[in-house]
**Student:** 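One structure, pasted below without further comment.
Note that these values count all heavy atoms, side chains included, but never hydrogens, waters or copies made by symmetry. Sequence lines set the chain letters: A, B, ... in the order given, protein chains first and strands last, and positions in each chain run from 1.
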Protein chains: 2
Amino acid sequence: MTMPPNLIADSRTDRARLSSTDWEAGALDLLAEQGVSAVAVEPLARRLGVTKGSFYWHFPSREALLKAALERWEKLDEETVFEPLEGIADPAERLRELFVRTSKEMRSHVLYSELLKALDHPVVQPVMARVSQRRIHFLMQAYRALNFSRKDAMNRARLAYSAYVGFLQLMLQLKLTRMSVEEFDAYVGHVVETLIPIR
Amino acid sequence: MTMPPNLIADSRTDRARLSSTDWEAGALDLLAEQGVSAVAVEPLARRLGVTKGSFYWHFPSREALLKAALERWEKLDEETVFEPLEGIADPAERLRELFVRTSKEMRSHVLYSELLKALDHPVVQPVMARVSQRRIHFLMQAYRALNFSRKDAMNRARLAYSAYVGFLQLMLQLKLTRMSVEEFDAYVGHVVETLIPIR
DNA sequence: TATTGTCAATACGGCTGCGTATGGTGCTAC
DNA sequence: GTAGCACCATACGCAGCCGTATTGACAATA
């Protein structure tokens with residue numbers, strides 16, 4: 001009497017072995033849910049239904065996994081967030097779109113927010129430095145196009161990005177204010193009015 | 001031949017035993033330097049020049065130490081930051097003073113910034129919730145006094161506080177921009193102009 | 001001097017995570 | 001069908017931290 005094939009689909013496409021990609025995806029899931037420190041080999045292996053014997057075939061160390069996963073994230077993030085905005089010519093409109101669009105789809109922000117809590121980690125730090133640098137630069141360019149002086153554009157970009165980062169922490173980590181959808185939209189509206197000059 | 005008395009003063013007032021207060025102070029130091037997870041019993045004991053045999057006489061657990069230390073911090077913080085501002089009658093002036101004064105003396109911010117990275121921790125979370133709530137409320141009151149509508153005041157307070165929180169992370173954790181003193185003052189000036197209405 | 005109270009050292013067991021070593025299983029190719 | 005590759009299990013040693021138990025050192029006090 002042979003065992004029936006496993007019919008319960010678990011997270012991965014079930015049937016069969018894992019690839020490096022599966023491990024990276026699992027790492028990002030865990031990262032979003034429980035932070036960087038939760039991305040540990042043995043827990044992740046348990047979660048994927050294997051043992052760490054498998055892991056060390058794909059990666060030389062935990063660090064290597066983290067690095068690979070974050071680089072995957074960085075690439076994906078750039079493609080989905082900023083490339084779509086390149087097409088918008090009017091800078092004010094571009095900023096508005098960024099603010100509003102950013103306020104949707106949480107998953108990306110949850111992950112970003114977890115990474116903010118691990119800025120001291122040697123693997124996380126350079127990735128976040130690059131990503132933040134790019135984003136702030138994007139903002140600055142837009143303000144420049146709105147006739148801000150170089151210094152004002154830089155300061156306003158810093159302010160806008162700080163507001164984004166801070167709001168993430170307050171909303172997602174400290175669940176200080178569980179806002180309704182209407183409240184949230186009103187807040188985003190207020191931010192747009194305050195940080196983007198009229199015409 | 002007896003040993004000479006130890007002449008090297010190490011952190012605590014040297015000569016002799018520790019009190020609960022010494023442990024709490026040491027915990028806050030470690031917290032500011034290396035984050036919540038670094039507040040561990042054995043490392044802290046080593047740092048204080050004793051063994052954990054001592055620690056468990058003063059505290060029942062690591063959690064208890066953390067709790068005590070954070071409550072001490074919370075109390076101290078309130079006294080030094082907000083009470084001095086209560087005296088300023090003009091709300092715009094009060095806000096300006098808060099912004100500018102906050103931009104000095106780093107130690108407090110370093111600690112706050114580390115706590116921001118541990119908002120998921122069950123001991124940290126309630127403390128930070130209280131502190132942030134109070135601060136946002138303070139801001140809101142000031143904006144109310146500036147004739148903001150209830151909703152606008154709330155949103156502006158959220159925005160201002162988010163900007164503070166985000167800037168802390170970007171400056172202290174990600175050392176994205178090592179700004180000069182002049183640049184920094186200019187940034188604070190820009191923030192004041194942007195977030196506090198004229199007259 | 002004897003006693004008590006306060007702080008500290010030592011030693012232990014338990015848990016969790018990292019990384020290594022080695023062997024096993026199933027698919028694929030020839 | 002057998003050789004080889006890709007993936008995985010098992011078992012091990014090591015390190016760090018938690019918390020407990022027991023004993024010791026030293027001071028103040030009686």
Side-chain angles (χ1 to χ4, degrees), chain A residues 2-6 8 10-27 29-31 33-69 118 120-124, chain B residues 2-6 8 10-27 29-31 33-69 118 120-124:
Chain A
T2 63
M3 289 291 284
N6 182 2
I8 298 150
D10 57 0
S11 49
R12 59 175 159 132
T13 345
D14 201 49
R15 58 134 202 21
R17 352 260 282 263
L18 299 173
S19 67
S20 313
T21 308
D22 293 319
W23 285 96
E24 291 169 19
D29 286 345
L30 218 42
L31 181 47
E33 287 169 28
Q34 307 180 56
V36 173
S37 68
V39 182
V41 177
E42 280 152 323
L44 180 52
R46 278 195 291 278
R47 190 183 164 110
L48 293 178
V50 295
T51 68
K52 64 182 173 175
S54 165
F55 175 84
Y56 284 100
W57 193 90
H58 295 284
F59 297 91
S61 70
R62 193 204 110 138
E63 278 232 326
L65 169 67
L66 247 182
K67 194 145 175 284
D120 49 343
H121 193 294
V123 172
V124 174
Chain B
T2 62
M3 290 289 285
N6 182 3
I8 297 150
D10 56 0
S11 50
R12 59 175 159 133
T13 347
D14 200 50
R15 55 135 204 18
R17 351 260 283 263
L18 298 173
S19 68
S20 315
T21 308
D22 292 320
W23 286 96
E24 291 170 18
D29 286 345
L30 218 41
L31 181 47
E33 288 169 27
Q34 307 179 55
V36 172
S37 68
V39 182
V41 177
E42 279 150 324
L44 179 53
R46 278 195 292 276
R47 190 183 164 109
L48 293 178
V50 296
T51 68
K52 64 181 173 176
S54 165
F55 175 84
Y56 284 100
W57 193 90
H58 296 284
F59 298 91
S61 68
R62 193 204 109 137
E63 278 232 327
L65 169 66
L66 246 182
K67 193 145 177 286
D120 50 343
H121 192 293
V123 172
V124 174

**Student:** Please tell me if the side chains of A/F59 and A/V41 come closer than 4.5 Å, counting only heavy atoms from C-beta onward.
**Tutor:** no
**Student:** For nucleotides 14-16 of chain D, list the nitrogen or oxygen atoms of the protein found under 3.5 Å from its nitrogen or oxygen atoms, one pair per line.
**Tutor:**
none

**Student:** Go through it in stages, so that I can follow the logic: the residues are A/L48 and A/F55, the test is side-chain contact (heavy atoms from CB on, under 4.5 Å), and I'd like the CA-CA distance, side-chain angles, deciding distance and then a yes or no.
**Tutor:** CA-CA 10 Å; A/L48 293 178; A/F55 175 84; over 6 Å; no
**Student:** Please encode protein proximity along nucleotides 23-29 of chain C as a string of B, S and -, counting only heavy-atom distances under 4.0 Å.
**Tutor:** -------
**Student:** In this structure, how many angstroms lie between the C1' atom of D/dA6 and the CH2 atom of A/W23, rounded?
**Tutor:** 15 Å
**Student:** Under the salt bridge (charged side-chain N to carboxylate O under 4.0 Å, His left out) rule, what pairs show up with a residue in residues 50-69 of chain A, not counting sequence neighbours?
**Tutor:** A/E42-A/K52, A/K67-A/E71
**Student:** If you measure from CZ on B/R47 to CG on B/L30, what distance do you get to the nearest 0.5 Å?
**Tutor:** 5.0 Å
**Student:** Check the distance between C/dA8's P and B/L44's CG and give it to me in whole angstrom.
**Tutor:** 12 Å
**Student:** In residues 52-64 of chain B, what residues come within less than 4.0 Å of DNA chain D, judged by heavy atoms?
**Tutor:** B/K52, B/Y56, B/S61, B/R62
**Student:** Where is the tightest heavy-atom contact between B/Q34 and B/A38, given as atom of each residue plus distance?
**Tutor:** CB-CB, 3.4 Å
**Student:** Looking at A/A68 and A/E24, what are the two nearest heavy atoms and their distance?
**Tutor:** CB-OE2, 3.5 Å
**Student:** Does any part of the side chain of A/L65, heavy atoms only, come nearer than 4.5 Å to the side chain of A/L44, both counted from C-beta?
**Tutor:** yes
**Student:** Are A/H121 and A/L66 packed together at the side-chain level, in the sense that at least one heavy-atom pair is separated by less than 4.5 angstrom?
**Tutor:** yes
**Student:** The criterion is side chain to side chain contact (heavy atoms under 4.5 Å, CB included); which residues satisfy it with A/T51, sequence neighbours excluded?
**Tutor:** none
**Student:** Who are the side chain to side chain contact (heavy atoms under 4.5 Å, CB included) partners of A/A45, not counting sequence neighbours?
**Tutor:** A/W23, A/V50
